[in-house]
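Since the structure comes first, as structure tokens, the remarks are kept for the end.
In what follows, every chain begins at residue 1, and chains take the letters A, B, ... in the order their sequences are listed.
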Amino acid sequence: MGEKTFYVTTPIYYPSGKLHIGHALTTTMADTLARYKRLRGYDVYFLTGSDEHGQKIQRKAQEANLPPIKYVDQLVASFKGLWQRLNISNNDFIRTTEQRHKQVVQKLLQKIYDQGDIYKSSYEGWYCTPCETFWTERQLEDGNCPDCGRPVELVKEESYFFRMSKYADRLLQYIKDNPEFIQPISRRNEMISFIESGLEDLCISRTTFDWGIPVPMDPKHVVYVWFDALTNYISALGYGTEEDHLFHKYWPSAVHLVGKDIVRFHTVIWPIILMAAGIDPPRQVFGHGWLLVDGGKMSKSKGNVIDPIGLIERYGADAFRYSLLREMPYGADGYYNEEVLVNRLNTDLANDFGNLLSRTTAMIKKFNGGEIIAPTEQEEIDNELINMSKETQEQLDSALNNFEFSRALASIWRFINRANKYIEETAPWTLAKDTNKKARLQTVLYNMAESIRHATIMVSPFMPGVPVRVWEQLGITDVPSAHTWESIAEWGGIPAGTKINRGSPLFPRIDIKEQEGGSQVTETKNNKTDAKHENEINKEQISKEEQISIEEFSRIRLRLAKVLSAEKVANADKLLKLEVKIGDEKRTIVAGIAQHYQPEELIGKKVVVVANLKPAKLRGIVSEGMILAAVDGGSLSLISPERDNVNDGATVR
RNA sequence: GGCGGUGUAGCUCAGGUGGUCAGAGCAUACGGUUCAUACCCGUAGCGUCGUAGGUUCGAAUCCUACCACCGCUACCA
């Protein structure tokens with residue numbers, strides 16, 4: 001027991017549909033913590049799984065004309081496939097339909113029943129007969145069934161109840177005595193006020209469906225949701241069985257990572273179940289915020305659910321994981337979409353980190369014949385870089401212990417940027433021109449490579465695919481002593497005489513091109529194309545471009561507009577603010593034509609505008625449309641009517 | 001309704017206990033550099049710190065009111 005143990009879990013996900021990036025976020029957080037703790041020498045156990053019972057599954061399986069178990073088998077396989085692609089290092093995957101889980105749930109239930117904390121009573125709820133479903137008051141829509149819209153009736157059902165109220169005071173005391181238990185603090189406060197408002201007993205069995213674990217003392221009941229699901233955290237450790245060494249080893253060092261929507265179940269119901277069974281509560285529950293996407297919260301009805309698989313395929317697991325953890329502010333909701341990912345990939349991963357490796361290996365190759373030489377001429381400025389590694393390690397540790405993933409990454413990137421600046425300050429390309437500076441040059445090159453080694457180890461829990469590729473390029477694949485956390489306590493882990501292998505970019509930049517309203521993403525071409533060549537490509541593209549129908553074209557409303565006034569937009573070189581008249585309507589349009597037209601020459605001119613373009617804010621000015629212009633390289637010409645027989649407001653087609 | 005939170009540069013956000021706290025990153029502009037993935041380094045601009053009052057020598061930071069948005073207010077996995 002003397003050794004450091006760390007037990008981290010994700011919720012067990014419900015296989016009623018595919019997983020989305022929210023699930024990926026929780027699981028990536030858990031994986032990052034697990035990998036970090038392993039790196040730090042902890043004995044880590046990392047659990048995820050699936051919660052497979054319940055009426056909803058039973059019904060979905062029916063619709064699919066499958067036995068429930070076959071139905072969930074498919075989805076669970078897809079879960080596992082996703083975690084594999086995301087590079088998730090879980091030690092176990094628990095399914096609530098497994099025998100090892102069922103027996104623990106039954107044992108736990110029996111134990112609590114035997115001591116009198118479970119009693120039979122009746123559950124009263126709003127029941128929709130056609131749908132065979134109970135609803136709570138809040139779930140009803142205008143008093144009707146939210147699924148079918150038909151009226152519901154108040155029905156009583158025989159159920160077993162868990163005496164939760166009895167433990168309310170003990171739980172409250174526990175939460176108050178252990179400020180670290182619920183994170184972040186805002187969630188903790190919510191839970192305290194929730195408990196203080198009084199706890200009711202919890203209904204833990206149902207008779208209206210049978211896809212669940214039978215209640216041991218009354219098999220016509222099945223165990224209902226939370227009692228079943230939450231127990232996974234100890235059933236996976238073999239609690240109450242003969243094979244319970246994992247339980248003794250890892251409980252109660254558990255850290256449960258959950259989304260904010262299920263914090264209550266993990267911080268109220270779960271600890272009370274454990275208390276009743278005489279088990280210590282978990283050490284910590286962290287409730288992270290949600291990933292908001294375009295349109296707000298992800299939901300199937302909005303159709304804005306983002307599938308992680310596509311993102312992983314396009315950008316790789318490492319970049320995806322990085323963007324998730326980097327964008328998520330501590331404890332609050334974060335905004336996420338593909339553009340955010342690409343932006344992070346380009347700026348942080350490609351420009352800062354990948355390019356640091358690239359320029360370092362390039363210089364070692366060019367100035368040192370590809371060999372890393374022992375450093376012999378350290379200067380004061382080197383210490384700044386070297387010391388910063390240690391500081392960064394401390395910041396990383398403290399941030400991760402507090403679930404501040406974004407902050408942790410920000411610290412590492414300050415170090416990476418320091419390394420880039422170090423190169424600028426020492427200017428190895430200048431040293432290379434002076435044969436007297438040979439030793440200094442080699443020292444600088446060594447420090448550059450070594451700083452990459454440090455950064456790589458720090459970054460490895462977040463992006464587990466990075467180290468192998470960096471070790472390959474630095475030529476230290478066969479030097480395991482240079483891969484450990486302990487090795488970055490010191491500066492100098494790369495053996496002198498190491499031969500580097502300059503390779504392809506660690507993270508290639510991604511180009512986003514706006515096309516036909518949607519964004520199309522392509523990888524930047526590495527070789528530059530000259531203008532002529534580019535022109536040919538353009539021609540090719542025009543002929544190959546996707547063709548659109550006349551209906552699609554007619555969706556774009558082009559109108560003739562007369563320019564009433566024009567002025568330069570302050571602090572913007574390219575922008576002009578125009579007031580235009582389209583028939584009876586006046587509009588403000590901001591156009592990027594200031595380098596081609598003087599404001600005064602535009603007044604009175606008739607131009608073509610896109611009239612139904614979504615308004616956009618440019619430099620704080622709302623632009624209600626767009627002016628059409630022909631563009632050819634650096635030249636630009638507005639499109640104006642050739643004759644004077646048409647007035648503003650006229651349709652252009 | 002009750003409890004709690006948020007509102008700071010174009011965007012995302014830092015800013016214990018009131019006095020270099022008006023900041024960072026991205027985006028933009030300009031300059032430098034050439035080792036590098038059109039990259040890196042530097043410089044600059046922009047903000048009445050939600051609004052209106054108040055306390056104070058001094059408030060983004062404390063108090064009051066108001067406006068806007070959000071979370072929790074239980075049995076959905």
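- Per the geometry, CG belonging to A:Asp333 stands 12 Å off C1' belonging to B:rC69, to the nearest Å.
- Rounded to a whole Å, the CG atom of A:Leu431 is 12 Å from the C1' atom of B:rC35.
- No donor-acceptor distance shorter than 3.5 angstrom exists from the side chain of A:Asn337 to the backbone of A:Val293, with no hydrogens or angles considered.
- Looking at A:Asn343, its side chain never comes within 3.5 Å of a backbone N or O of A:Glu339 through a donor-acceptor pair.
- Exactly one of A:Tyr233, A:Phe403, A:Phe286, A:Phe265 qualifies for a ring-ring contact (aromatic ring centres under 6.0 Å, His included) with A:His256. That residue is A:Tyr233.
- The base-pairing partner of B:rU34, taking Watson-Crick or G-U wobble contacts with both distances under 3.5 Å, does not exist among the strands shown.
- Within the shown strands, B:rU43 is the pairing partner of B:rA29 under the Watson-Crick or G-U definition, both distances less than 3.5 Å.
- Residue contacts for A:Ile57: at a heavy-atom cut-off of 4.0 Å it reaches no nucleic acid atom on any strand shown.
- For A:Asn420, taking side-chain heavy atoms from C-beta onward, the closest of the listed nucleotides B:rC35, B:rA74, B:rC41 is B:rC41.
- No more than 12 heavy-atom neighbours from other residues, nucleotides or ligands sit within 6.0 angstrom of CZ on A:Arg407.
- Of the two residues contacting RNA chain B, namely A:Phe265 and A:Arg418, the nearest-nucleotide position lying further toward the 5' end is that of A:Arg418.
- Within the cation-pi definition used here (under 6.0 Å to the ring centroid, within 45° of the axis), A:Arg344 does not qualify as a partner of A:Tyr322.
- A:Gly54 comes within contact range of no nucleotide atom at all, as no heavy-atom separation falls under 4.0 Å.
- Backbone-only contact: A:Ala362 has heavy atoms under 4.0 Å from sugar-phosphate atoms and none from a base.
- Between A:Arg502 and B:rU37 there is a side-chain N or O to OP1 or OP2 distance below 4.0 Å.
- At B:rC40, one or more side-chain N or O atoms of A:Asn351 fall inside 4.0 Å of OP1 or OP2 (strictly under the cut-off).
- Among A:Asp51, A:Asp228, A:Asp73, the one residue that satisfies the salt bridge (Lys or Arg N to Asp or Glu O under 4.0 Å) test with A:Arg95 is A:Asp73.
- More than 12 heavy atoms of other residues, nucleotides or ligands shown are found within 6.0 angstrom of NZ on A:Lys166.
- Distance A:Leu357 CG to B:rC35 C1': 13 Å, rounded to the nearest Å.
- Base pairing of B:rU6: its partner is B:rA68, meeting the Watson-Crick or G-U wobble criterion (both donor-acceptor distances under 3.5 Å).
- In this entry the distance linking CG of A:Asn417 with C1' of B:rG42 reads 14 Å, nearest Å.
- Here A:Lys365 does not reach the OP1 or OP2 of B:rC35: none of its side-chain N or O atoms lies under 4.0 Å away.
- The partner of B:rC49, taking Watson-Crick or G-U wobble pairs whose two distances both stay under 3.5 Å, does not exist in any strand shown.
- Looking only at atom types and distance, the side chain of A:Tyr315 has a donor-acceptor partner in the side chain of A:Glu338 under 3.5 Å away.
- The environment of NZ in A:Lys156 is sparse: at most 12 heavy-atom neighbours from other residues, nucleotides or ligands sit within 6.0 Å.
- Of the candidates B:rA74, B:rU33, B:rC13, the closest approach to any side-chain atom of A:Trp429 belongs to B:rU33.
- A:Glu424 and A:Arg418 are not joined by a salt bridge, as no carboxylate oxygen comes within less than 4.0 angstrom of a charged side-chain nitrogen.
- Counting to the nearest Å, the P atom of B:rU73 and the CD1 atom of A:Ile262 are 13 Å from each other.
- The base of B:rC75 is paired with the side chain of A:Glu200 by a donor and an acceptor separated by under 3.5 Å.
- The partner of B:rG1 is B:rU73, judged by Watson-Crick or G-U wobble contacts that both fall below 3.5 Å.
- Closest to the side chain of A:Leu202, from the set B:rC75, B:rU73, B:rU37, is B:rC75.
- B:rG47 and B:rA9 have their P atoms separated by 10 Å, with the value rounded to a whole Å.
- Residues A:Thr430 and A:Phe161 both approach RNA chain B. Their nearest nucleotides, taken by heavy-atom distance, put A:Thr430 toward the 5′ side.
- Between A:Leu441 atom CG and B:rC35 atom P there is a gap of 12 Å when expressed in whole angstrom units.
- When the C1' atom of B:rG25 is taken as reference, atom OH of A:Tyr330 falls 21 Å away, rounded to whole Å.
- The base-pairing partner of B:rA60, taking Watson-Crick or G-U wobble contacts with both distances under 3.5 Å, does not exist among the strands shown.
- Contact annotation for A:Gly198: base contact, defined as any heavy-atom pair under 4.0 Å involving a base atom.
- One C1' atom belongs to B:rG50, the other to B:rG5, and the distance between them is 15 Å to the nearest Å.
- A 3.5 Å limit on both hydrogen-bonding distances identifies B:rC13 as the Watson-Crick or G-U partner of B:rG23.
- Within the nucleic acid shown, A:Thr347 comes within 4.0 Å of sugar-phosphate atoms alone, with no base atom in reach, counting heavy atoms only.
- Listed by residue number, A:Tyr224, A:Val225, A:Trp226 are the residues of residues 224-232 of chain A with a heavy-atom contact under 4.0 Å to RNA chain B.
- The partner of B:rU55 is absent, by the rule that a Watson-Crick or G-U pair needs both atom distances under 3.5 Å.
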